[in-house]
Number of protein chains: 2
Amino acid sequence: MTTEPEKLQEARDLFIEQWGAMGSLWGVTRTMAQTHAALLAAEEPVSTDDLMHELGISRGNANQTLRQLVEWGLVRSVRVRGDRKEYFVAEKKVWKIFCIIARERKRREIDPALAVLRECAARTNGLRNRNAKGFHKLVSQLADFLSTANNILERAAAREESTVIPALLKLFG
Amino acid sequence: MTTEPEKLQEARDLFIEQWGAMGSLWGVTRTMAQTHAALLAAEEPVSTDDLMHELGISRGNANQTLRQLVEWGLVRSVRVRGDRKEYFVAEKKVWKIFCIIARERKRREIDPALAVLRECAARTNGLRNRNAKGFHKLVSQLADFLSTANNILERAAAREESTVIPALLKLFG
DNA sequence: CTGTAGTTTCAGTAAATACTGAAATTACAG
DNA sequence: CTGTAATTTCAGTATTTACTGAAACTACAG
């Protein structure tokens with residue numbers, strides 16, 4: 001016989017493990033994604049010590065990871081009166097989580113890549129020989145596509161979920 | 001004075017380096033992304049030896065990386081008659097490249113994640129206490145969102161670029 | 001102020017990941 | 001078939017990346 005709390009604990013562990021594995025999807029370490037998962041799965045604010053014990057990681061690691069999550073905006077820190085400790089709470093609205101992750105990936109990876117692609121296109125603009133022409137065309141197309149995709153994502157992320165998902169489902173459903 | 005071929009070479013190197021850095025965006029090694037870039041930037045089919053020299057990597061690495069790119073469908077191998085060597089050519093249509101990468105990420109990472117989220121939701125279905133209810137709601141919402149996003153992407157990737165991008169621009173422009 | 005709980009930092013270390021290179025295998029030309 | 005060029009494989013190694021833990025620092029209570 002499995003009790004309810006045991007079932008919950010198992011499901012929670014499974015979730016933390018899987019969410020951790022998804023770290024590579026948005027370019028963060030396994031530990032950071034697991035930390036995010038642990039906070040998502042918590043009903044109460046969580047302290048650095050709670051986290052260290054739950055995930056079996058060092059204080060330094062827990063502290064750095066939490067700071068990073070706060071910086072991203074996925075987590076905010078809360079204070080309990082009469083307690084010196086800092087506690088942490090995760091943003092739980094799925095659409096917000098998605099927007100934050102998309103924004104960070106864009107800022108950290110897509111924008112710099114786009115700048116370089118444009119630079120490559122500019123440097124080979126007007127060159128005469130066949131190879132140069134082919135290369136120029138390719139990087140220009142890549143830059144245009146990335147730029148367009150980027151814009152679409154940015155505009156979508158600025159809206160409310162209710163005005164985005166239904167429209168997309170209508171378009172592609 | 002910089003000659004045209006020199007300018008091209010510089011731009012090409014810049015491109016290879018940057019495309020390599022983007023490997024993490026779709027979950028492949030830097031070398032695999034660089035290899036892809038080198039093939040994209042080539043007007044002629046490229047051999048394993050060409051690649052080893054261009055990127056300064058070992059034969060084993062070049063071979064494995066090329067095989068993987070072929071498996072993904074981003075590269076195909078071509079044979080030159082009267083030559084025993086195998087040569088490689090990259091798919092250059094940007095929309096196709098995008099679709100292939102999206103498909104692989106979906107298959108390798110999103111689908112398994114979705115299965116686990118659903119399992120977590122199922123295991124906590126009907127549990128009574130507050131924590132379990134909150135957790136069940138969260139993972140259900142995450143699973144639904146991921147599933148919807150997945151479907152939209154899949155349907156979009158099955159279409160022609162000309163029927164997707166303009167529609168999205170109209171929707172979000 | 002002073003003592004203490006809490007937090008941050010970062011040099012050193014551990015773990016994960018990617019790469020090498022040479023031996024084994026395959027595939028082709030003669 | 002036979003010899004040779006090309007490719008594949010993978011155990012060992014290098015490199016990169018993430019983590020630890022203890023010392024330094026900070027901020028609060030008394």
### Message
Grouping I, L, V, M, F, W and Y whenever their side-chain heavy atoms are under 4.5 Å apart, do V70(B) and I100(B) come out in a common cluster?
### Response
yes
### Query
Of all heavy-atom pairs between W95(A) and A157(A), which one has the smallest distance, and what is that distance?
CZ2-CA, 4.4 Å
Scan nucleotides 11-16 of chain C against the protein and return all N/O pairs shorter than 3.5 Å with their distances rounded to 0.1 Å.
none

### Query
Among residues 14-34 of chain A, which contact DNA chain D at a heavy-atom distance under 4.0 Å?
T29(A), T31(A)
### Message
Among residues 70-88 of chain B, which ones have heavy-atom contacts with DNA chain D below 4.0 Å?
### Response
R84(B), K85(B), E86(B)
### Results of salt bridge (Lys or Arg N to Asp or Glu O under 4.0 Å) for R67(B) - residues two or more places apart only
E86(B)
### Query
Please, which pairs that meet side-chain hydrogen bond (donor to acceptor under 3.5 Å, both in side chains) have at least one residue in residues 158-168 of chain B, sequence neighbours excluded?
none
### Message
Can you tell me if K96(A) has over 12 outside heavy atoms packed within less than 6.0 Å of its NZ?
### Response
no
Produce the list of close N/O pairs, under 3.5 Å, pairing protein atoms with atoms of nucleotides 13-16 of chain D; give distances to one decimal.
none

### Message
Applying salt bridge (Lys or Arg N to Asp or Glu O under 4.0 Å), can you list everything that pairs with D49(A), at least two apart in sequence or on another chain?
### Response
R59(A)
## Note on the structure
So, with a heavy-atom separation below 4.0 Å from DNA chain D, the residues of residues 54-69 of chain B are R59(B), G60(B), N63(B), Q64(B), R67(B)
### Task
Using the test side-chain contact (heavy atoms from CB on, under 4.5 Å), find all partners of E71(A) that sit at least two apart in sequence or belong to another chain.
none
### Message
I need the L66(A) CG to L74(A) CG distance, nearest 0.5 Å.
### Response
12.0 Å
Taking only distance into account, with no hydrogens and no angle test, what donor-acceptor pairs under 3.5 Å do side-chain atoms of residues 25-43 of chain A form with protein atoms, sequence neighbours excluded?
{"from": "T29(A)", "atom 1": "OG1", "to": "M32(A)", "atom 2": "N", "distance (Å)": "3.1"}
{"from": "T35(A)", "atom 1": "OG1", "to": "T31(A)", "atom 2": "O", "distance (Å)": "2.8"}
{"from": "H36(A)", "atom 1": "ND1", "to": "W19(A)", "atom 2": "NE1", "distance (Å)": "3.2"}

### Message
Less than 4.5 Å apart, side chain to side chain, heavy atoms only: is that true for L153(A) and F172(B)?
### Response
no
### Query
Which pairs, with at least one residue in residues 107-125 of chain A and sequence neighbours excluded, count as a salt bridge (Lys or Arg N to Asp or Glu O under 4.0 Å)?
E104(A)-R107(A), R105(A)-E109(A), K106(A)-D111(A), E119(A)-R123(A), R123(A)-E10(B)
### Query
Is E17(A) atom CD crowded by more than 12 heavy atoms from other residues, nucleotides or ligands, each under 6.0 Å away?
no
### Sequence-distant partners of E44(A), salt bridge (Lys or Arg N to Asp or Glu O under 4.0 Å), two or more places apart
R130(B)
### Query
Can you tell if the side chain of F15(B) reaches within under 4.5 Å of the side chain of L117(A), non-hydrogen atoms only?
yes
### Query
Would you say C120(A) and T124(A) make side-chain contact, with heavy atoms under 4.5 Å?
no
